[in-house]
Amino acid sequence: MKVIYNDGTVKECAPEEELHIIRHTAAHTMAQAIKRLYPDAMFAYGPATEKGFYYDVDLGDKKLTDEDLSAIEQEMKKIVKENTPIKSFILPRAEAIAFMEERGEKYKVEHIGDLEEDAPISFFQQGEYVDMCVGPHLCYTKALKAFKIMSQSGAYWKNDKDNTMLTRINGIAFASQKELDDYLVLLAEAEKRDHRKIGKEMNLFMMNEEAPGFPFFLPKGMALKTALIDYWRDIHTRDNYVEVSTPLIMNRHLWETSGHWDHYKDNMYSTLIDEDTYCVKPMNCPGGVMVYASKPHSYRELPMRVGELGLVHRHELKGALHGLFRVRCFTQDDAHIFMRREQITEEIVGVVHLINEVYEKFGFKYSVELSTRPEDSMGSDEDWEAATNGLKNALEKLNLPYTINEGDGAFYGPKIDFHLEDSLGRTWQCGTIQLDFQMPINFDLEYVDEKGEKQRPIMIHRVCFGSIERFIGILTEHFAGKFPVWLAPVQAKVLLVSEKCAEYGNKVYEALRAAKIRCELDDRNEKIGYMIREAQVVDRVPYMLIIGQKEAEEGTVSIRRRDTTQNETMSLEAFIEKIKTETIERL
C-alpha cells in the first residue's frame, strides 16, 4: 500500500503498518467532517489506537447526540467520495505556531510548545482541512474503505482533571468492509458476554456507589471464587509451595526499602497510625520478603516457594474503573521463590509449566513477551544483564517463542508476561514471571552455602491468574457464563413439575447437598418449561434435574444438560457419582 510521508515522499509502507495508517487517516477524516459540521470546533489529540482511532474535540457547550455522531459519519463518507489528495508540508516552529493561531487551534499551539524547541513541525492537508501530524497517511481519501463512528466520552485535555473536559469521539477502521463487518459481529458477541451483564444476571458480584472500584462478591460469585482458589491451592501444594498470609497495612519504611514508595506511591493508599505513616499494600512482595527474613536459611532449603493469596489495594482513577477488569482492590495469586543463582533456569521452567497447565485447563492459547529494563529502574547493569539472560535462557530451554518488549520491565527486574487469548480471540495479560536481584539486596537477604559462607538469594515474583477478580471477569466472558461443572456456582438445579413431587424433590436436593454438590431447589408454582429456560439461559446451570411423578415413583432423576433439549434418565446415585467425578477431575 502506497502512503505519503511527512517529507512529501510517496512509497510502499510495511504490511504491519497499514492498519495503523488507515486508522490515522480516518481520524483526520473524522476531524475534517467535524469541522465542516461545527466550524468553531477546536482539536486536541487524534491518534490511531490498537482498536481504532479517536479525536478529542472542544465543541464548547455542544453536547453530541447519536444523531450527531451519525451525521459525522455520513460527512466522512462524503469526504471519501470526493477523493481528495492528501499532501504534507513542514513549517519552522514559529511559523507553525502562527499558522495554528490563525486557525484558532489553541490546543495545537500548546502542543507545539511541548515539543522540542528546534524541531520543525509537519502538517498533512486534505482539502480545506489541515492537521499537525508526523504521518504517514493514505495518499487519497478514497483509499479509506471501511470505518464507523462508535461512541463518545469525556476526556480531560492532557489527561489532567484540572484542564478542560473535551469530547472524545471514537471510531474503528479496517482495510475492507468484510473486516469491519466481522469486527462488528465480534463486538456484538462480546457485548452479550460482558461480564458485568452476566455477573448481574447470575448474581455473582455487584458494585456499589459507596465503594467505587471495590467489588462485592455475592454467594454464587463467592462459590466460583472459592472453587478457583481451591484449584490454585491444589496445584501449588503438589508443586511444593507453602502458603503464607502477610499484613494488609505495613509501615512506610518497608515500602521505602522495597523501592515501592519512590516508584509507586501515587498508586498507594496510606494512613496515620501512632503518628507514623502506614501503607495499604499494593503488592504482596515486601510481606513475603519479611517472611523469608524472619529466620536464617541454609542452601539446603532453597528453592523456597512461598505463595500468598493477598488482598491488595491500588488507587485507580474513577474513570478507568471497569467491572472486575479494573478495580481498586483485588486478590493477587502471588508466589515468591527464593533460590540460588544456579537454580534460576530450572525454577523459571517450572513456573512456565505451571502457568501453561492453568491456561490449558481453561482452554486458553497464549503468547509470551519478555519485558526488559525500564528507564525508571534500580540496580546495577550487571544484575540486570544477568536477570534478563536468566529469563532468556529459560524460554530458549523451553523452545517457547517470545517477543521483546523493550523498557517495560518492573523497576526491580525484567519479566515474562503471558498474553492469553479467549474464545473471541481477544488477548489479556494475566500471568507474569519477574526475576529480581534488587529486593534481596535492599532487605539484606541471606542464606548459608555449603561452605558455611553467607550468600545472597535471587527472587522470583510470579502470578498465574494475576488478579483473581479480573480472571473471573475474563472467564465469565470466555465461557459466556457457562462455566465448566467444577467451577459453576450452581452445578445442578432441582426443578419440580408439581407440588405432588415435593417430597421426592426435597429428598433429591438434600442428597445432592450431602454429597457437597452446589445445588438449588426450584419449587415455585411455575410452568416447568419456564423454569428450565431460566435455569439454562439466565442461571446457566450445567445440569437440571426435572422431577415429575414418574421420577418420584421410579426413584430416578430426569437430567437436562445446559445446552441440549433432550432429557436423560438415570438413578440419583449414578448422577451424584457422575457430578462428583467431574468436580474432582475438574472437567
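- Shown here are the salt bridge (Lys or Arg N to Asp or Glu O under 4.0 Å) partners of Lys365, two or more places apart in sequence or in another chain: Glu421.
- No salt bridge links Asp334 with Arg462; every basic N to acidic carboxylate O contact stays at or beyond 4.0 Å.
- Of the charged side-chain nitrogens involved, none lies within less than 4.0 Å of a carboxylate oxygen, so that Lys392 and Glu396 do not count as a salt-bridged pair.
- Between Tyr412 and His461, the ring centre distance stays below 6.0 Å.
- Phe214 and Tyr269 have tilted rings, their planes meeting at an angle from 30° to 60° on a 0 to 90° scale.
- Evaluation of the side-chain hydrogen bond (donor to acceptor under 3.5 Å, both in side chains) test over residues 179-195, restricted to residues two or more places apart or in two chains, returns Ser176-Glu179, Gln177-Asp181, Lys178-Asp182, Glu189-Arg193, Arg193-Ser423, Asp194-Arg196, His195-Glu477.
- With sequence neighbours excluded, the residues satisfying side chain to side chain contact (heavy atoms under 4.5 Å, CB included) with Pro484 are Phe479, Trp486, Leu487.
- Salt-bridge check for Arg561 with Asp563: failed, with every basic side-chain N at 4.0 Å or more from each acidic carboxylate O.
- Figure legend: cation-pi geometry between Lys225 and Phe217, with NZ or CZ positioned under 6.0 Å from the six-membered ring centre and within 45° of its axis.
- Between the side chains of Lys281 and Thr246, at least one donor-acceptor pair of N or O atoms lies under 3.5 Å.
- The salt bridge (Lys or Arg N to Asp or Glu O under 4.0 Å) contacts involving residues 346-360 comprise Arg238-Glu357, Arg305-Glu347, where partners must be two or more places apart or lie in separate chains.
- Scored by the side chain to side chain contact (heavy atoms under 4.5 Å, CB included) test, Thr403 finds Glu369 as partners (sequence neighbours excluded).
- Applying the salt bridge (Lys or Arg N to Asp or Glu O under 4.0 Å) definition to pairs two or more places apart or across chains, none involves residues 11-32.
- A ring pair (Phe, Tyr, Trp, His ring centres under 6.0 Å) with Phe471 holds for exactly one of Phe362, Phe330, Trp232; it is Phe362.
- In terms of modelled atom types and a separation under 3.5 Å, the side chain of Asp422 and the main chain of Leu424 share a donor-acceptor contact.
- Between His260 and Trp255, the ring-plane angle classifies as perpendicular under the 30° and 60° cut-offs.
- Under the 3.5 Å distance criterion, with hydrogens and angles disregarded, a donor-acceptor pair is assigned to the side chains of Thr583 and Gln491.
- Taking the six-membered ring for Trp and thresholds of 30 and 60 degrees, His20 and His24 have ring planes more than 60 degrees apart, a perpendicular arrangement.
- Counting only N and O atoms by type, the side chains of Ser467 and Gln332 include no donor and acceptor under 3.5 Å apart.
- Between Phe465 and Tyr231, the ring-plane angle classifies as tilted under the 30° and 60° cut-offs.
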